[in-house]
Each structure stands twice: as C-alpha cells, then as structure tokens.
There are 2 protein chains.
Amino acid sequence: MRYTAEQKEEARHKLLHASGRHAKAHGFAASGVDALAGAAGLTIGSLYKHFASKNDLFTALMAAEIDQTASRYASVDAQDTAAAVKALASYLSLAHVKAPERGCALPSLAVEVARAPEEVRQVFETSLLALKDSLQRLAGSEQAAWTLMAQSVGAVMLARAMATETHQRDLLQAVRVSGQDLIHASRAQ
Amino acid sequence: MRYTAEQKEEARHKLLHASGRHAKAHGFAASGVDALAGAAGLTIGSLYKHFASKNDLFTALMAAEIDQTASRYASVDAQDTAAAVKALASYLSLAHVKAPERGCALPSLAVEVARAPEEVRQVFETSLLALKDSLQRLAGSEQAAWTLMAQSVGAVMLARAMATETHQRDLLQAVRVSGQDLIHASRAQ
DNA sequence: GTCTATATTACGATAGAC
DNA sequence: GTCTATCGTAATATAGAC
C-alpha cells in the first residue's frame with residue numbers, strides 16, 4: 001500500500017495537535033471543519049478519513065489535550081515545594097493568558113464539553129480525573145487539588161475576558177497567592 | 001405613534017433577558033440570531049431594530065447578566081457570615097450546575113467574551129470589577145474576592161463538563177469547603 | 001490517504017409591506 | 001416596531017478522481 005499504518009498515525013496525531021491549537025484559540029464550535037483541517041495542512045476530505053464526524057474529532061482532541069496538561073504536572077517532583085509553586089505560577093502567568101493556543105485546554109474548551117453529548121463528557125471526565133490525581137500529588141489532598149484546578153482554570157479564563165492588562169495582572173496575582181497558600185498549607189502538616 | 005418609548009424599552013429588556021437565557025444554555029456564538037430572537041417571542045427583523053449587530057446584542061446581554069449577578073451578591077448582608085456562606089453554597093450547588101440558563105453568565109459565556117472584540121471586553125470588564133467589589137464586601141480582601149470568584153466560576157464550569165453526578169458533587173463540595181475557609185479566615189482577623 | 005467539487009442546510013444581515 | 005421574504009456566504013458532510 002502507498003500509505004503505511006505509521007504514516008496514518010502520524011497524520012492523525014498532527015491533525016489532533018494542530019486542530020487542538022486552533023480550537024483553543026478560536027473555540028471548537030466556532031471553527032469550521034475546513035479551518036481545523038487546514039491548521040494541520042490538510043483538507044476537509046482528508047480529515048473525514050480519520051474522524052467520523054466533527055464531534056468525534058472533538059472527543060479525541062479533548063482527551064489528548066487534557067492528557068498533555070496532566071502529564072505536565074505529573075512530571076513535577078512532588079517532594080519539591082518550590083517546583084510545585086513554580087508550576088502554579090507558570091499556569092497563572094500573563095504569558096499563558098496571552099497564548100491560549102499553546103496553553104491548557106480547560107479555560108478555552110471546558111465550556112464546550114459541557115454542551116457536548118454524553119459520550120464526549122464521559123471521555124473528558126476520565127482525563128480530568130487523571131489530571132486531578134496529578135495535582136493531588138502536588139497539592140496534598142483531593143480537596144486542595146480540585147480547588148487549585150478550579151481557581152486556576154477560572155482565573156485564566158476570566159483574565160482572558162478582561163480588556164486591560166493591569167486588571168488581568170491583579171486577578172492572576174491574587175489567585176497565585178491563594179494557590180501558594182494552599183500548597184504550603186498542605187505541606188505544613 | 002403606535003409604539004411608545006416604554007414599549008420599546010420593554011421589548012429590548014425582554015430581548016436581553018430571553019436571549020441571555022438561551023445563550024447561557026447553548027452558547028452565544030453557537031446560537032443563531034433567529035433562535036436568540038425566537039427565545040423572546042420575536043423574529044430576526046425585529047431584533048435588528050433594537051441591536052445593530054449580533055455583537056452589539058452580546059455586549060448589552062453580557063453587561064446585563066453580570067450586573068444581575070453582582071446585584072445578587074450586593075444584597076447579601078456583609079455583617080452576616082452565615083448569609084455569605086449560604087450564598088456561596090448556592091452558587092456551588094448541583095442545581096446551579098444543572099440549570100445554566102437560570103444561573104450566572106460567567107461559567108457559560110466568559111470564554112466567548114475572551115474571543116470577542118475589544119469593545120465587548122471593555123464593557124465586560126467594567127461589570128466584572130463591580131462584581132468583584134460586591135464580593136469583596138463578603139470576602140474581606142480584594143485577593144479573597146478574586147480567588148472566590150475564580151474558583152467558583154471554574155468549579156461550576158468544570159462540573160458541567162463532567163459526565164457523572166458523583167464526581168460533580170465531589171468537585172463542588174471541595175471548592176465549597178475551600179471557599180468557606182476563605183470567608184471565615186477574612187473574618188477571623 | 002489526499003485532493004477538488006458539490007449537495008444541502010444554516011448563518012448573519014437587509015428590504016419592504018403593514 | 002413587527003413581520004415575511006430574500007440575498008449572499010459559510011457551515012457540515014459526502015462523492016469521486018488520483
């Protein structure tokens with residue numbers, strides 16, 4: 001055959017990665033299928049050979065994105081408090097706010113998962129629980145992990161919606177301090 | 001004239017309210033202009049007599065929605081700690097997660113503001129800062145206000161994206177406890 | 001597997017009658 | 001001010017050549 005299984009896998013991977021970037025920046029529903037495929041240098045017809053529907057692409061894309069975020073925090077040394085604080089500061093940075101296409105998918109796309117069919121939400125939930133476990137290693141308790149996740153995701157999303165950088169900084173800074181308190185409190189015990 | 005200024009104002013108000021409900025449930029960009037107008041019992045042609053464009057409607061709708069949330073927390077007695085905790089519990093309830101059309105606009109629509117033109121974000125920011133001030137009365141400090149807002153909005157959004165009610169409860173409960181700690185800490189001083 | 005071309009539907013916005 | 005009708009455009013998805 002002209003195309004090997006490896007080449008197909010590679011094309012699928014590139015499709016997931018590139019359409020993920022595009023969706024995080026412009027929204028998934030708001031992105032046309034042609035734009036999603038075009039981001040990977042492909043065309044509509046080709047995309048539909050890899051995914052049965054736009055929703056099918058969304059499911060795979062979301063899982064890949066959240067897993068990527070989870071593995072990022074899984075690689076942080078849980079013993080190293082300074083490393084945990086640094087990872088938090090990176091998430092709650094102005095750079096993250098300004099570059100959604102390179103950042104975490106949750107502030108950009110979680111709301112679209114909420115409106116997606118049960119199947120999508122089921123796959124998403126599995127990935128999200130894995131991310132929570134990664135955070136729990138750094139945050140100490142499950143409660144701290146959920147709180148850290150919710151406030152970080154909320155802060156980045158709200159900061160992106162604001163118009164002026166000064167206020168974005170204020171919000172990020174406030175949540176950063178609260179998050180640090182949370183991390184330190186769990187380690188003081 | 002056949003239509004008085006009051007009737008026009010009333011129609012505009014109903015349009016804002018009904019399209020707000022619809023947008024919170026299904027997303028603003030994902031909602032057709034006909035569906036937005038239809039939610040208020042009107043038609044497209046009529047909507048365009050009140051708003052110059054779909055984006056113009058979004059700006060007005062967002063401001064009205066956030067102001068509504070802000071006034072809700074402005075009416076809570078800042079002296080009454082139990083009342084503040086109760087308001088927080090109501091926001092972080094399963095009922096709120098299950099009924100986005102009747103709830104706060106932030107978990108549903110903030111991400112769309114982030115992708116909207118500068119003009120929209122500017123108006124949004126003004127309303128959001130007023131909401132922050134309302135929360136600051138209850139939370140004590142500005143830092144606690146931003147944190148409370150970010151984690152509550154994030155928690156509701158993430159809970160809505162999850163598939164099973166048990167995990168939704170876990171997340172809401174965790175953030176509720178953290179929020180209560182935040183409120184109590186600010187009042188212990 | 002990738003492409004171009006197309007079928008079909010829905011979108012945002014406008015025009016004109018009442 | 002509200003309605004129906006309509007103009008362009010862009011959407012999702014499929015068909016068929018290579």
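What you are looking at is a predicted structure, and each value in this text was computed from that prediction instead of being measured. Convention: sequence-line order gives letters A, B, ...; per-chain numbering from 1.
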Integer-rounded Å distance: D/dA5 P and B/Ile44 CD1:
13 Å

Of all the heavy-atom pairs spanning A/Arg137 and A/Arg187, show the shortest one and how long it is.
O-NH2, 4.3 Å

Among the candidates C/dC3, D/dC3, D/dA13, find the nucleotide nearest to the side-chain atoms of A/Leu42.
C/dC3

Atom CZ of B/Arg12 and atom P of D/dT2 are separated, to the nearest Å, by 13 Å

Using the rule given for side-chain contact (heavy atoms from CB on, under 4.5 Å), can you reason through A/Leu16 versus A/Leu57, listing the C-alpha separation, both sets of side-chain angles and the distance that settles it, and then say yes or no?
CA-CA 8 Å; A/Leu16 279 177; A/Leu57 168 63; 4.2 Å; yes

Look up atom CG in A/Leu92 and atom CD in A/Gln151, then write down how far apart they are to the nearest 0.5 Å.
7.5 Å

Could you state the atom-to-atom distance from CG of B/Leu15 to P of D/dG1 in whole Å?
12 Å

Between P of D/dT12 and NZ of A/Lys54, the distance in whole Å
4 Å

Using whole Å, report how far CG of A/Leu47 lies from C1' of C/dT4.
16 Å

What integer distance in Å separates A/Glu9:CD from C/dG1:P?
11 Å

Between C/dA5 (P) and A/Tyr48 (OH): distance, integer Å
19 Å

To the nearest angstrom, how far is B/Asp34 atom CG from D/dT6 atom P?
17 Å

So what does B/Gly32 hit on the nucleic acid, given a heavy-atom distance under 4.0 Å: a base, only sugar-phosphate, or nothing?
sugar-phosphate

Quick check on DNA chain D: between A/Ala29 and A/Lys49, whose nearest nucleotide comes earlier from the 5' end?
A/Ala29

Below the 4.0 Å mark, does C/dT2 have OP1 or OP2 next to a side-chain nitrogen or oxygen of A/Thr43?
no

Could you tell me whether a side-chain N or O of B/His17 sits under 3.5 Å from a main-chain N or O of B/His13, the two making a donor and an acceptor?
no

Which nucleotide in the list C/dC3, D/dT12, D/dG1 gets nearest to the side chain of B/His50?
D/dG1

